[in-house]
Number of protein chains: 2
Amino acid sequence: MSVDVGARLRGIRTTFGLSQRELARRAGVTNGLISLIEQNRVSPSVSSLKKVLDGVPMSLAEFFTLDLSATPRAFFSADDLVELGNPQVSLRLVAAQRPGRQLTLLHERYAAGAATGEEMLTHRGEEAGVVIRGRIELTVGGAVRVLGPGEAYYFASQLPHRFRNVGREACEIISACTPPTF
Amino acid sequence: MSVDVGARLRGIRTTFGLSQRELARRAGVTNGLISLIEQNRVSPSVSSLKKVLDGVPMSLAEFFTLDLSATPRAFFSADDLVELGNPQVSLRLVAAQRPGRQLTLLHERYAAGAATGEEMLTHRGEEAGVVIRGRIELTVGGAVRVLGPGEAYYFASQLPHRFRNVGREACEIISACTPPTF
DNA sequence: CTTTCTTGTCTAAGATCCTAAACACCATGA
DNA sequence: TCATGGTGTTTAGGATCTTAGACAAGAAAG
């Protein structure tokens, strides 16, 4: 019952849209090594696995903690929000089943046509939000979806992501991110 | 800025009270390898590091997540409990700063002289508690302390631990443990 | 003081990892 | 059709990890 290092690395690399050569260049190793590791033809040393993950970037702890088979949901329909409050005070919670949440709320507003930029964002922490008004196109990893009022998102900020307001109306989002940055 | 695998392994091994040879025997590797890894003379392959950790036992994710320098507090004085409630409803929270808690409460009672056994316990999950009446001697890792009424504990159950009622009076504890076992 | 057992360290030799380079395949165009 | 640039794979050889066994130091008992 060994750890499938190869499948994990391949899943991460493709999620980030990198070729073996590109990841190898960033990590300072050869493309052949990436290939051998992904095929489980070798069990890499900790030091070289760390070099490879530095090219993503991702820590060893995150690498071994990651569960590819149980990828957390990235999108939630309006009905998926969990009602926590009572008839007097309504509290609708996003990703209620997700353990270890530690977020703070923000209020964002995207003008018509606005976006977070051409490049995909990728940083530490987690972020989540609810669309209040308008429509927003959200790309997370390989998945793209246009979210409307009442729909929500929740994903790890390490996944490459981008917001684009593809409508003619301004878009408002109640969003949250982890304390340190952003 | 590399990961100090050697120091981590040595810290874990000594915490569990194992010699290099004993850990090597359980893991199915040689004692020399343990020695070389702990001195950072080599960077072990993932497969052999996994074999070594299986002898503890501990997962790779737990190994790399562990932060030896910032070992969470194991003991809390009565004053260290965080008051969460209001003047009407008083809620005193144990280890409030600890992230990702998911515990359920129990009520334990130790007769005079009772103990959890000669062997140290070690299992998955986390456990915590507050002493209500009497006194209890608690050993966690290398640390030992006698706790009295109003004092509390919180530690990872993987750390070898043992409860002993060293007084003449019965001891009551409100304790909590993670869902799966115990 | 010896003997014996334990501990952690060190050293050649064998096994495995890692690199450099070539290879095969699939596109896209000239 | 033939180049060009991209992908992942394979292989020989040098670098590194891992083993088996010896070594030195300390503790406990005779």
Side-chain angles (χ1 to χ4, degrees), chain A residues 1-60 63-64 66 68 118-120 141-142 160, chain B residues 1-61 63-64 68 118-120 141-142 160:
Chain A
M1 202 46 241
S2 60
V3 184
D4 193 346
V5 172
R8 289 191 184 211
L9 180 58
R10 175 156 299 186
I12 290 163
R13 178 177 63 80
T14 54
T15 297
F16 280 77
L18 301 174
S19 69
Q20 289 182 345
R21 280 180 169 76
E22 175 60 20
L23 176 56
R25 189 191 61 75
R26 297 189 187 189
V29 299
T30 58
N31 62 303
L33 177 59
I34 307 285
S35 177
L36 293 172
I37 293 174
E38 289 187 353
Q39 297 171 85
N40 286 320
R41 298 263 298 276
V42 299
S43 175
S45 71
V46 170
S47 58
S48 55
L49 179 58
K50 181 176 191 315
K51 279 201 288 185
V52 171
L53 294 178
D54 284 344
V56 174
M58 174 175 287
S59 72
L60 287 162
F63 178 79
F64 286 108
L66 194 87
L68 285 169
E118 270 308 300
E119 292 296 316
M120 302 290 273
Chain B
M1 202 40 237
S2 62
V3 184
D4 193 346
V5 172
R8 288 190 185 213
L9 180 57
R10 175 155 298 187
I12 290 163
R13 178 176 63 80
T14 55
T15 297
F16 280 76
L18 301 174
S19 68
Q20 289 182 344
R21 280 179 170 78
E22 175 59 19
L23 175 56
R25 189 191 63 75
R26 297 189 188 189
V29 299
T30 59
N31 61 304
L33 177 59
I34 307 285
S35 178
L36 292 172
I37 292 173
E38 289 186 354
Q39 297 171 83
N40 287 319
R41 299 264 298 276
V42 299
S43 175
S45 72
V46 169
S47 58
S48 54
L49 179 59
K50 181 177 191 314
K51 278 201 288 185
V52 170
L53 294 177
D54 284 344
V56 174
M58 174 175 286
S59 73
L60 287 162
F63 178 79
F64 286 108
L68 286 170
E118 270 309 299
E119 292 296 317
M120 302 290 272

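From a predicted model like this one, the values you see are computed outputs, not experimental measurements. Order of the sequence lines fixes the chain letters, A, B, ..., with proteins taken first and strands second; residue numbering starts at 1 for each chain.
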Separation of dC17(C) atom P from L49(B) atom CG, nearest Å, is 14 Å
Hits for salt bridge (charged side-chain N to carboxylate O under 4.0 Å, His left out) against R26(B), two or more places apart or cross-chain, chain-then-number order -> E22(B)
Residue set satisfying side-chain contact (heavy atoms from CB on, under 4.5 Å) with A27(A), at least two apart, ordered chain then number -> V29(A)
Using a 4.0 Å heavy-atom cut-off across all strands, classify S35(A) as base, sugar-phosphate, or nothing.
base
Rounded to the nearest 0.5 Å, the CD atom of Q20(B) sits from the CG atom of L36(B) at a distance of 9.0 Å
Under a 4.0 Å heavy-atom cutoff, the residues of residues 36-44 of chain B touching DNA chain C are Q39(B), R41(B)
Between CD1 of I34(A) and C1' of dT9(D) the distance, given in whole Å, is 14 Å
Value for OG (S48(B)) from CG (D54(B)), rounded to nearest 0.5 Å, stands at 11.5 Å
Of the candidates dC18(C), dT7(C), dT19(D), the side chain of S19(B) sits closest to dT7(C)
DNA chain C nearest-nucleotide lookup for G28(A) and E22(B): closer to the 5′ end is E22(B)
Problem - Check: R13(A) side chain, L18(A) main-chain N or O, donor-acceptor pair, under 3.5 Å - result: yes
Between S47(A) and S43(B) the two heavy atoms that sit nearest each other are N-OG, 2.7 Å
Rounded to the nearest 0.5 angstrom, the OG-CZ distance for S35(A) and R10(A) is 7.0 Å
Among dA20(D), dG8(C), dC18(C), the one nearest any side-chain atom of S45(A) is dC18(C)
Taken to the nearest 0.5 Å, the spacing of Q39(A) CD from I34(A) CD1 works out to 12.0 Å
Between its two end axes (five pairs each) the helix from dC1(C)-dG30(D) to dA30(C)-dT1(D) turns, nearest 10 degrees, through 10°
Query raised in the report: So does D4(B) pair up with R8(B), basic N to acidic O under 4.0 Å?
Result: no
If we ignore hydrogens and angles and just use 3.5 Å, is the side chain of N40(B) paired with the main-chain N or O of G6(B) as donor and acceptor? yes
Rounded to whole Å, the CG-P distance (L18(B) to dG8(C)) equals 10 Å
Under-4.0 Å side-chain N/O to phosphate OP1/OP2 contact, T30(B) with dT18(D): no
Value for CG (L23(A)) from CD (E38(A)), rounded to nearest 0.5 Å, stands at 8.0 Å
### Query
Counting just side-chain N and O atoms, does R13(B) come under 4.0 Å of either OP1 or OP2 of dT7(C)?
no
Which pairs, protein N/O on one side and nucleotides 25-28 of chain C N/O on the other, fall under 3.5 Å?
none

B/S/- along nucleotides 21-26 of chain D (protein heavy atoms under 4.0 Å) is -B----
On a heavy-atom basis, the closest approach of F63(B) and L9(B) is CE1-N, 3.8 Å
Separation between OG1 (T30(B)) and CZ (R21(B)), nearest 0.5 Å, reads 10.0 Å
When every non-hydrogen atom of S59(B) is compared with those of L53(B), the smallest separation belongs to O-CD1, 4.0 Å
Separation of dC17(D) atom C1' from L9(B) atom CG, nearest Å, is 15 Å
When rounded to whole Å, the CG to P distance for the pair L33(A) and dT16(C) reads 17 Å
With the side chain defined as heavy atoms from C-beta on, Q20(A) is closest, among dG8(D), dC18(C), dT19(D), to dG8(D)
